[in-house]
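Here is the structure we will look at, set down as structure tokens.
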Amino acid sequence: MGQPIAHNWAAVDTAIDAHRATSIAFLEELVREPSTVGKEAGAQAVVAAELRRLGFKVHELEVPEEIVERPGAGAPQLPYAGRPVVVGEREGSGHSLLVNGHVDVVPPGVAERWGGDPFGPRLVDGWLHGRGAGDMKAGFAMVALAIGALLDAAPEALSGPLSFVSVIEEECTGNGTLAAAAAGVLADAVLLPEPTNLELMLDGIGILWLELTVEGRSAHAHLPQDGANAISLALPLLDALRGLAAQMNPDGGTRNALNLGTFHGGDWQSSVPGIARIGARIGFPPGWTVAEAETRVTEGLDRAVREDPWLRDHPPQVRFNGFRAEGYTLDPNHELVRQLSAAHAEVVGSPPAIADGTATTDARTYLNYFAIPAVSYGPRVRNIHGVDEAVEVDSIVLGARVLTRFFARYFGAER
Ligand SMILES: [Zn+2]
């Protein structure tokens, strides 16, 4: 066994400081691209340019519509034409590493409540605000900063094959990552710079999206007996969903959370609403299949339907219209975890905490369907999916320092 290569870490850290402003400018440029579902192309162009600047060979990959037939696929939100996944590749020898990031962001919510334009990056007290700044565009900047600094000060640390995949629809289906993996964009291990507050995230719960359409009958408000109020009819179904959430959390906790995310119904205050639509996200325990979760949901709703004469004759339509994500987990003793922990400890002084995976990430695709280890590790954030989402800029820099040590360990390790 040879001596590990000694890299000049002081020079690497100097290079990180030198590249810091460039990486934050890249992050700001990404935040300015309002890359909600269907509008990812602008952000993907920014990512492609940055990858080229860092010496990656870049190509685009269309998500085939047939992706929906693969195990683990979610229900597509929109047609995939013009919404490519971007892939960057750097050659090298030895064990390969893939970095996976998603450019899609969730909508800003109540935009007026933000301290400024949700898609106008604002730096306040060391925190960069903007939709997607934390989840997860900061992760792109963290990785870019680490790679840029290593190329300057210790290029030999990037000796192995390193690729980067920038995906769409992580927030609703996972189909971008699934398509890339199915097309062979894989490696011996995957790092996802998701916002984990510089902790290691090794697992995720199961997540199902469902849309419930309740059909009533419109009528004038003064003749309620002629109508069937779709909003009123939806209420016991909401109760049924809450009852399901209790089943999904047998310990009484909220780990597998139910979120009532959208509710649309009616168009006039003096008309009986003829239709109501509810969109929900339901967490389900790891170990369950999607089919099991879907059966529980269908049975729970059926019970509520049987108790209402109108609903019995006009059963609501249930559509599983997004995530069909099973839980996943990475062995905490996996070499990938040990290497990343060691790199973190080297920079921070103590090993990283293990984050509680109460959501999902695209790591599940690699772990569940390709038997490839995948770990999430990224900057410190607040208010992700909320108002005034922000990332702590110093944590991007600290995370980049950790990644430089991690890359050197990963590519330098003998196996
Ligand atoms: Zn994310």
Side-chain angles (χ1 to χ4, degrees), residues 35-38 40 43-44 61-80 83-87 98-106 132 135-137 139-140 164-187 190-196 201-211 256 259 261 279-284 286 288-291 293-294 319-330 357-376 378 384-385:
S35 47
T36 49
V37 65
E40 308 93 343
Q44 289 292 51
L61 201 147
E62 287 286 333
V63 178
E65 302 295 340
E66 308 81 70
I67 193 70
V68 66
E69 287 151 29
R70 285 192 77 97
Q77 303 298 294
L78 289 168
Y80 287 115
R83 303 170 59 210
V85 165
V86 167
V87 182
L98 173 64
V99 177
N100 175 305
H102 64 87
V103 288
D104 57 307
V105 301
V106 301
D135 188 6
M136 65 168 284
K137 291 173 172 176
F140 286 71
F164 193 110
V165 62
S166 176
V167 303
I168 62 167
E169 286 198 9
E170 187 274 347
E171 297 284 6
C172 45
T173 65
N175 289 354
T177 288
L178 188 61
V185 181
L186 296 167
V190 181
L191 170 79
L192 301 97
E194 288 273 11
T196 65
M201 191 179 285
L202 310 179
D203 59 354
I205 60 166
I207 298 204
L208 193 59
W209 268 22
L210 93 134
E211 187 193 61
N256 305 312
N259 186 60
R281 170 262 208 202
I282 294 185
F284 63 90
W288 287 23
T289 63
V290 166
E294 287 180 350
R319 223 161 55 86
F320 297 105
N321 67 330
F323 274 126
R324 301 178 75 247
E326 281 161 7
Y328 67 88
T329 186
L330 173 66
T358 52
T360 190
T361 71
D362 278 351
R364 74 176 178 280
T365 299
Y366 301 106
L367 285 158
N368 289 355
Y369 307 110
F370 294 88
I372 291 173
V375 62
S376 295
I384 58 171
H385 294 220

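Excluded from the calculations below are hydrogen atoms, water molecules and symmetry mates; all remaining heavy atoms, backbone and side chain alike, are included.
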- [ ] Return the orientation label for the Phe140 and Phe164 ring planes: parallel under 30°, perpendicular over 60°, tilted otherwise.
- [x] tilted
- [ ] Please assess Gln44 against Ile168 for the test side chain to side chain contact (heavy atoms under 4.5 Å, CB included), listing each intermediate value before the final yes or no.
- [x] CA-CA 9 Å; Gln44 289 292 51; Ile168 62 167; 4.1 Å; yes
Distance-minimising heavy-atom pair for [X] and [Y]:
X      : Y      : value
Arg364 : Gly174 : NH2-CA, 3.7 Å
Leu178 : Gly72  : CD2-C, 4.0 Å
Glu169 : Pro76  : OE1-CA, 4.2 Å
Ser166 : Val103 : OG-CG1, 3.3 Å
Ile384 : Pro195 : CD1-CG, 4.3 Å
Gly204 : Pro286 : O-CG, 4.3 Å

How long is the gap from [atom1] on [X] to [atom2] on [Y], to the nearest 0.5 Å?
X      : Y      : atom1 : atom2 : value
Ser376 : Leu191 : OG    : CG    : 7.5 Å
Leu208 : Asn256 : CG    : CG    : 12.0 Å
Thr173 : Trp209 : OG1   : CH2   : 8.5 Å
Phe284 : Glu294 : CZ    : CD    : 8.0 Å

Open item on the list: Evaluate Asp135 against His102 for side chain to side chain contact (heavy atoms under 4.5 Å, CB included), listing each step before the verdict.
Closed with: CA-CA 8 Å; Asp135 188 6; His102 64 87; 3.1 Å; yes
TODO: Output, in order, the C-alpha distance, side-chain angles, deciding distance and verdict of side chain to side chain contact (heavy atoms under 4.5 Å, CB included) for Tyr80 and Asn175.
DONE: CA-CA 10 Å; Tyr80 287 115; Asn175 289 354; 2.9 Å; yes
Task: Under 3.5 Å donor-acceptor, Arg83 side chain and Leu78 backbone - done: yes
Task: Glu326 side chain vs Arg324 backbone, donor-acceptor pair below 3.5 Å - done: no
Open item on the list: Which residues pass the side-chain contact (heavy atoms from CB on, under 4.5 Å) test with Thr358, not counting sequence neighbours?
Closed with: Arg255, Asp356
Open item on the list: Just by distance, no angles: are the side chains of Glu170 and Thr361 close enough, under 3.5 Å, to form a donor-acceptor pair?
Closed with: no
- [ ] Verify whether one side chain among Thr360 and Tyr328 offers a donor that lies under 3.5 Å from an acceptor in the other.
- [x] no
- [ ] Only one of Thr196, Leu330, Leu192 passes side-chain contact (heavy atoms from CB on, under 4.5 Å) with Val375; say which it is.
- [x] Leu330
What I'd like to find out is whether the side chain of [X] reaches to under 4.5 Å of the side chain of [Y], using heavy atoms alone.
X      : Y      : result
Asp104 : Val37  : no
Val165 : Thr177 : no
Tyr366 : Asn100 : yes

Open item on the list: The criterion is salt bridge (charged side-chain N to carboxylate O under 4.0 Å, His left out); which residues satisfy it with Arg319, sequence neighbours excluded?
Closed with: Glu211
Task: side chain to side chain contact (heavy atoms under 4.5 Å, CB included) between Leu367 and Thr329, worked out - done: CA-CA 7 Å; Leu367 285 158; Thr329 186; over 6 Å; no
